[in-house]
Amino acid sequence: MHSTTADVIVIGSGFGGAVAADRLVRAGLKVRLLERGPWRRTAPVLAKGLRRAVPLPVQNRPGLIVRNLRSGSGPKEICLNRRGLLEFHAGNGVKTLTSSSVGGGSHVWAALLARPDSPDYWNGRAEGLSASVLAPHYARTESELDAVRPSNPESIPNHTSHAWGASGWFESLNESDQYPFAFLFPEQHGGRQSTDRELSELNGEDGLFGSPRAAKANVEVVYLLPHLDAGLTVHDMHEVRTLSRLRSGVYEVIAKDHHTGRVQNFQAPRVVLAAGTMNSIKILFASQEVQGLSPIEQLGKGFGTNGDCMGVWIPGAGHRNSRQGSPIHGRLKVHDHPEGISLIIGGMDVLPTPGWMPEHIKGWLADMANQRFQLIAMGVDRAQGSVSFSKGRLRLDYDLNDSAVYQAIFSLFERLSSHTGTKLKFDRKTAMTVHAMGGCRIGPSPDEGVVDGEGQVYGNAGLYVVDASVLPAPTGGPPSLTIAAWSSHVTSSLLKNI
Ligand SMILES: Cc1cc2nc3c(=O)[nH]c(=O)nc-3n(C[C@H](O)[C@H](O)[C@H](O)COP(=O)(O)OP(=O)(O)OC[C@H]3O[C@@H](n4cnc5c(N)ncnc54)[C@H](O)[C@@H]3O)c2cc1C
């Protein structure tokens with residue numbers, strides 16, 4: 001089989017992969033990035049002339065909502081559409097939702113940026129790691145992702161606290177307590193003009209099903225587009241199966257090219273793995289099974305949900321339209337708010353519909369969404385879950401009763417239901433997370449972690465992991481800034497050691 005070579009192969013193009021590719025190309029290295037999803041049809045991608053780009057579901061393409069479904073039992077995987085956006089994984093006591101595109105999770109994210117709740121998050125995790133080592137990487141990625149707190153927040157529909165502070169159920173929060181947004185607010189709301197992305201009209205279209213105007217910061221726009229034809233080659237629709245370290249020390253990466261249906265072989269002395277928590281774990285297990293890698297004892301341990309719990313809330317007739325404003329409206333606090341729980345409120349996305357659907361049905365669907373809000377709680381769960389692998393299937397086990405954080409969230413949601421006299425619907429048995437993390441954790445030794453303080457996999461020199469799977473503990477709030485900062489740290493260490 002013919003091999004394609006590079007200085008570094010990056011696998012996956014979400015927060016971890018895109019930042020890594022940017023740093024490596026800037027240092028003059030030849031990088032090949034393998035991504036199983038397609039380029040998406042956003043304004044900056046079209047402006048670059050990438051005609052192969054595939055629409056987002058929000059562009060009237062409901063058939064592109066789901067990519068694949070996986071469960072630990074039943075069929076190995078049901079793939080509905082290889083160009084689809086979302087991947088669901090059902091495990092025991094937990095379900096995960098992630099996405100598939102060049103740009104990874106940044107197509108579906110709500111663009112909230114946060115540093116970990118604890119200032120000591122990085123201290124003592126592994127040799128060479130501390131809050132001060134990570135600090136410059138947080139500052140750099142925050143600025144690259146355009147983190148803003150709008151200067152005129154009162155004018156933004158539904159934005160907390162001005163929208164919710166007076167309700168009597170919630171406490172007022174200062175604007176400085178809100179998470180910054182990587183979102184372009186129109187100028188009248190205190191936003192800025194952008195030269196390469198169009199401004200949002202705040203009409204609820206920049207949500208879970210994509211942001212065609214790239215009003216949310218998409219990482220492929222920020223980190224990948226500037227380097228195309230300048231050291232970076234992006235192989236979209238290339239799904240990595242396994243990695244093997246050859247006798248020469250070079251890594252061989254086997255990937256299926258979904259454009260042609262052919263299997264391809266890529267080789268490089270260094271590989272940066274960033275396929276997202278579930279898929280990085282899967283690739284590492286599968287690679288061990290074909291004896292491509294040295295054993296990784298701690299693989300699959302310490303899986304967590306970041307305490308994610310979502311409630312659906314209908315505040316009542318005559319209330320606000322939930323879909324106006326940014327995808328998530330901001331952070332809220334209830335009276336006697338429990339310690340360590342972060343609560344955010346957002347609108348509901350309208351399910352994308354085909355162009356031919358009658359207008360009255362579209363209107364009905366939109367009305368249903370407009371009346372509903374989502375309340376999402378997050379916190380530091382015990383991250384005691386595990387991921388295992390057998391016969392090509394990932395099995396996920398997670399017990400939410402084991403984490404005090406879920407009990408605190410359930411009682412908070414019950415209190416809110418009784419204060420407001422409107423039932424908040426949520427699931428007490430299964431954690432549904434959009435922030436799956438852990439399983440390839442950073443640790444001080446191979447007995448306590450999968451990667452060291454520079455992101456290198458113990459026993460497998462030249463292999464690095466830079467996505468959410470490495471997080472040594474839940475961040476307790478939105479994690480993507482932390483993933484981006486970690487990737488920036490790992491690649492700067494990698495470059496120093498070349
Ligand atoms: C609805 C929703 C809203 C969210 N909102 C926020 C928010 O406001 N703030 C925040 O901080 N976080 C948010 N998140 C979480 C955020 O999306 C994740 O934290 C982040 O995307 C994880 O980054 P990553 O680099 O680990 O992986 P991803 O961004 O998931 O990237 C992994 C990439 O690898 C690709 N891949 C997978 N398998 C393979 C393979 N075998 N071969 C090649 N490529 C592969 C995938 O297609 C994907 O593009 C949200 C998530 C969801 C679902």
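Computed over heavy atoms, backbone and side chain alike; hydrogens, waters and symmetry mates excluded. Every number for a ligand or one of its atoms is a count from 1 in the order of the listing.
Put simply, the side chain of N203 does not reach to within 4.5 Å of the side chain of R323, judged on heavy atoms.
For atom 51 (C) of ligand 1, the nearest non-hydrogen atom from the set T475, V434, I328, V102 belongs to V434. Of the candidates T433, L112, V240, I483, it is V240 that places a heavy atom closest to atom 40 (C) of ligand 1. When the heavy atoms of N306, L471, L208 are ranked by distance to atom 1 (C) of ligand 1, first place goes to L208.
Residue contacts with ligand 1, taken as heavy atom pairs separated by less than 4.0 Å, do not involve A114 at all. Contacts between S101 and ligand 1 below 4.0 angstrom, taking non-hydrogen atoms only, involve the backbone exclusively. Residue S487 does not touch ligand 1, judged by heavy-atom distances below 4.0 Å. In I283, the part holding a heavy atom less than 4.0 Å from any atom of ligand 1 is the side chain. When heavy-atom distances to ligand 1 are checked against a 4.0 Å cut-off, A255 has no atom that comes that close, whether in backbone or side chain.
In this structure, H238 has a heavy atom closer than 4.0 Å to ligand 1. Ligand 1 does not have T98 within reach: every non-hydrogen atom of the residue lies 4.0 Å or more from it. Using 4.0 Å as the threshold, A18 has no heavy atom nearer than that to any atom of ligand 1.
Here's the thing with A468: one of its N/O atoms is less than 3.5 angstrom from an N/O atom of ligand 1.
Close contacts of ligand 1 with H435, meaning ligand atoms under 4.0 Å from a residue heavy atom, involve 12 (N), 13 (C), 14 (N), 15 (C). Counting atoms of ligand 1 from 1 in the listed order, those under 4.0 Å from a heavy atom of E239 are 41 (N), 42 (N).
With values rounded to the nearest 0.5 angstrom, N68 atom CG is found 10.0 Å from H89 atom NE2.
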